[in-house]
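First comes the structure, then the notes that go with it.
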Amino acid sequence: MKKMLFAVLMMLTGISAQAQDVFKEIYDSSYKIASDPKEDVGMRKIASFKVDALTYINTKTLEQLTDTTREISKEEIAHIISRRDSLAYFLYDYVNLFAKEYQRAHKKKDKDAVLKIFRDVSINHPLYNDPDRELVLAYFNREDYLTQFSLDTDWIAANEAIRKKLRGE
């Protein structure tokens with residue numbers, strides 16, 4: 001198993017270094033904000049959500065890549081990594097769009113409506129259908145966090161759906 005994992009990791013380094021930079025950049029910048037005690041608490045909480053969601057995505061990606069029940073081709077590995085990087089980008093975009101729309105709302109009822117729309121889209125676009133509800137809903141019912149989204153979200157589909165809703169489609 002260790003040899004297989006090592007081989008997969010070696011292949012990953014050569015497959016999509018530039019795309020991996022996207023995931024790493026988003027993770028690193030979010031982690032930096034989340035762990036900086038000088039940052040605003042609200043910003044740190046949003047960044048903490050991003051870090052946890054990215055960690056969740058990465059863990060699920062590694063599970064796919066280390067699946068010993070079947071052989072995975074180089075092309076499939078590249079596709080899995082590319083998908084992870086796209087998910088990272090669209091997660092980042094989704095959360096930033098949420099923050100922008102939330103700040104734009106001035107009344108409490110408008111802020112609540114923005115939160116509800118983004119929460120609903122998140123929960124209604126699962127990616128892995130993970131049965132560990134406690135984990136995937138760790139932020140969903142937390143009123144002390146603004147980013148009350150499911151970790152198990154297809155951020156690509158959710159991003160498309162939220163933009164349609166915001167345009168009134």
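Nothing fancy with the numbering, it's 1 onward along the sequence. Below, all heavy atoms of this structure are taken into account, side chains as well, without hydrogens, waters or symmetry copies.
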Pair N141-R119, side-chain contact (heavy atoms from CB on, under 4.5 Å): steps then yes or no: CA-CA 10 Å; N141 295 314; R119 274 180 99 228; 3.2 Å; yes
OH/Y139: more than 12 non-hydrogen atoms of other groups inside 6.0 Å: yes
Any side-chain heavy-atom pair of S122 and W155 under 4.5 Å: yes
Basic-acidic side-chain contact under 4.0 Å: K108, D112: yes
Pairwise side-chain contact, N159 with L91, heavy-atom cut-off 4.5 Å (strictly under): no
Donor-acceptor under 3.5 Å (K50 side chain, A34 main chain): no
Close side-chain approach of R84 and N58, heavy atoms under 4.5 Å: yes
Path from Y92 to L166 over hydrophobic side-chain contacts below 4.5 Å: yes
ILVMFWY cluster, L135 and V51 together (side-chain gap under 4.5 Å): yes
Gap separating the OH atom of Y145 from the CG atom of D52, nearest 0.5 angstrom: 7.5 Å
Residues T61, L87; criterion side-chain contact (heavy atoms from CB on, under 4.5 Å); working and verdict: CA-CA 11 Å; T61 300; L87 288 166; 5.9 Å; no
Spacing of I123 atom CD1 and F118 atom CZ [to the nearest 0.5 Å]: 15.5 Å
Test log, rule side-chain contact (heavy atoms from CB on, under 4.5 Å), inputs L115 and Q148: CA-CA 8 Å; L115 178 59; Q148 298 173 17; 3.8 Å; yes
More than 12 heavy atoms of other groups within 6.0 Å of Y31 OH: no
D93 CG to I156 CD1 distance, which is reported to the nearest 0.5 Å: 11.5 Å
Student check: side-chain heavy atoms of L151 and F140 closer than 4.5 Å: no
Donor on one side chain, acceptor on other, Y56 and D130, under 3.5 Å: yes
Test item: side-chain donor near acceptor, T69 and D67, under 3.5 Å: yes
Contact check, side chains of R70 and E76, non-hydrogen atoms, under 4.5 Å: yes
For A157 against H125, the heavy-atom pair lying closest together: CB-CD2, 3.8 Å
CG on D152 to CZ on R133, rounded to 0.5 Å: 7.0 Å
Under 3.5 Å donor-acceptor, K164 side chain and E169 backbone: no
Residue pair L146 / F49, side-chain heavy-atom distance below 4.5 Å: no
Nearest-0.5 Å distance that lies between atom CD1 in I46 and atom CG in N96: 8.5 Å
From M43 atom CE to S30 atom OG, the distance as rounded to the nearest 0.5 Å: 9.5 Å
is_close_aromatic(F149, F98), centroid dist under 6.0 Å: yes
Worked verdict on I72 versus Q64 for side-chain contact (heavy atoms from CB on, under 4.5 Å): CA-CA 9 Å; I72 301 172; Q64 289 178 311; 5.9 Å; no
Verify same cluster id: L97, I33 (apolar side-chain graph, 4.5 Å): no
Sub-4.5 Å side-chain heavy-atom contact between L137 and S150: yes
V121 vs Y94 side-chain heavy atoms within contact, under 4.5 Å: yes
